[in-house]
Undergrad: 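Submitted below is the structure of interest, expressed as structure tokens.
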Amino acid sequence: MDLRALRERAGLRVFDVAKELDCAESSIRNWEKGRTTPKMEVWQVFRLRDLYQCTEEELVQAAKESMLAQDT
């Protein structure tokens, strides 16, 4: 499961996530498309985990899946 799938499973829009993390919507889109690696402060990681209702491990794996999708 990639970052987009986690977000969609949680029923969130890119706008919602960007607002909660206090970052640009383009950043969220770039993470989901594997264009960039998420660079977040600790509080943002925990907030994203809570928003996506997943574990830290699932979040890391989803980021890896998103990056792998860019390579194909």
Side-chain angles (χ1 to χ4, degrees):
M1 184 173 293
D2 62 14
L3 288 171
R4 181 178 178 180
L6 280 180
R7 177 179 55 77
E8 290 176 345
R9 182 181 76 177
L12 297 167
R13 299 172 298 167
V14 170
F15 171 82
D16 302 323
V17 177
K19 183 177 177 184
E20 288 290 330
L21 296 182
D22 193 26
C23 68
E25 289 178 51
S26 60
S27 294
I28 307 300
R29 286 190 197 94
N30 285 334
W31 299 344
E32 290 182 354
K33 293 180 180 180
R35 291 183 186 142
T36 59
T37 303
K39 292 179 179 45
M40 298 182 272
E41 294 183 32
V42 174
W43 73 267
Q44 290 172 310
V45 174
F46 290 125
R47 184 67 186 126
L48 190 60
R49 177 205 59 197
D50 293 345
L51 285 170
Y52 288 179
Q53 302 169 11
C54 66
T55 65
E56 287 92 356
E57 293 80 15
E58 288 174 312
L59 200 54
V60 169
Q61 185 59 40
K64 288 179 183 177
E65 292 291 328
S66 292
M67 294 304 290
L68 287 173
Q70 174 66 21
D71 294 337
T72 57

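Below, each value reflects all heavy atoms present in this structure, side chains not excepted, and no hydrogens, waters or symmetry copies.
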Undergrad: Does a side-chain N-to-carboxylate-O contact under 4.0 Å join Asp16 and Lys19?
TA: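 Not counted as a salt bridge, because no side-chain N and carboxylate O are separated by less than 4.0 Å.
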Undergrad: Enter the distance from Cys23:SG to Lys39:NZ here, rounded to the nearest 0.5 Å.
TA: 13.0 Å
Undergrad: Drop me the distance from Met40's CE to Leu48's CG, to the nearest 0.5 angstrom.
TA: 5.0 Å
Undergrad: Please tell me whether Tyr52 and Met67 are part of a single hydrophobic cluster in this structure, the criterion being side-chain heavy atoms less than 4.5 Å apart.
TA: no
Undergrad: How many angstroms lie between atom NZ of Lys33 and atom OG of Ser66, to the nearest 0.5 angstrom?
TA: 11.5 Å
Undergrad: Going by atom types only, do Glu65 and Gln61 share a side-chain donor-acceptor pair under 3.5 Å?
TA: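 Yes, side-chain donor-acceptor contact under 3.5 Å.
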Undergrad: Output the distance between atom OG1 (Thr36) and atom CH2 (Trp31), rounded to the nearest 0.5 Å.
TA: 7.5 Å
Undergrad: Side-chain heavy atoms nearer than 4.5 Å, only ILVMFWY residues, links allowed to pass through others: does that put Phe46 and Leu3 together?
TA: no
Undergrad: How many angstroms lie between atom CD of Glu20 and atom CG of Leu51, to the nearest 0.5 angstrom?
TA: 5.0 Å
Undergrad: Under a 3.5 Å distance rule, please check whether Gln44 uses its side chain to pair with a backbone N or O of Glu41 as donor and acceptor.
TA: yes
Undergrad: On a heavy-atom basis, which atom in Ala62 and which in Leu6 lie closest, and how many Å separate them?
TA: CB-CD1, 3.4 Å
Undergrad: CZ of Arg13 to CZ of Arg7: how many Å apart, nearest 0.5 Å?
TA: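 Here the interatomic distance stands at 10.0 Å.
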Undergrad: For Glu58 and Met1, what are the C-alpha separation, side-chain angles and deciding distance, and is it a side chain to side chain contact (heavy atoms under 4.5 Å, CB included)?
TA: CA-CA 8 Å; Glu58 288 174 312; Met1 184 173 293; over 6 Å; no
Undergrad: Should Leu21 and Ile28 be marked as a side chain to side chain contact (heavy atoms under 4.5 Å, CB included) after you check the CA-CA gap, both sets of side-chain angles, and the distance that decides it?
TA: CA-CA 10 Å; Leu21 296 182; Ile28 307 300; 4.1 Å; yes
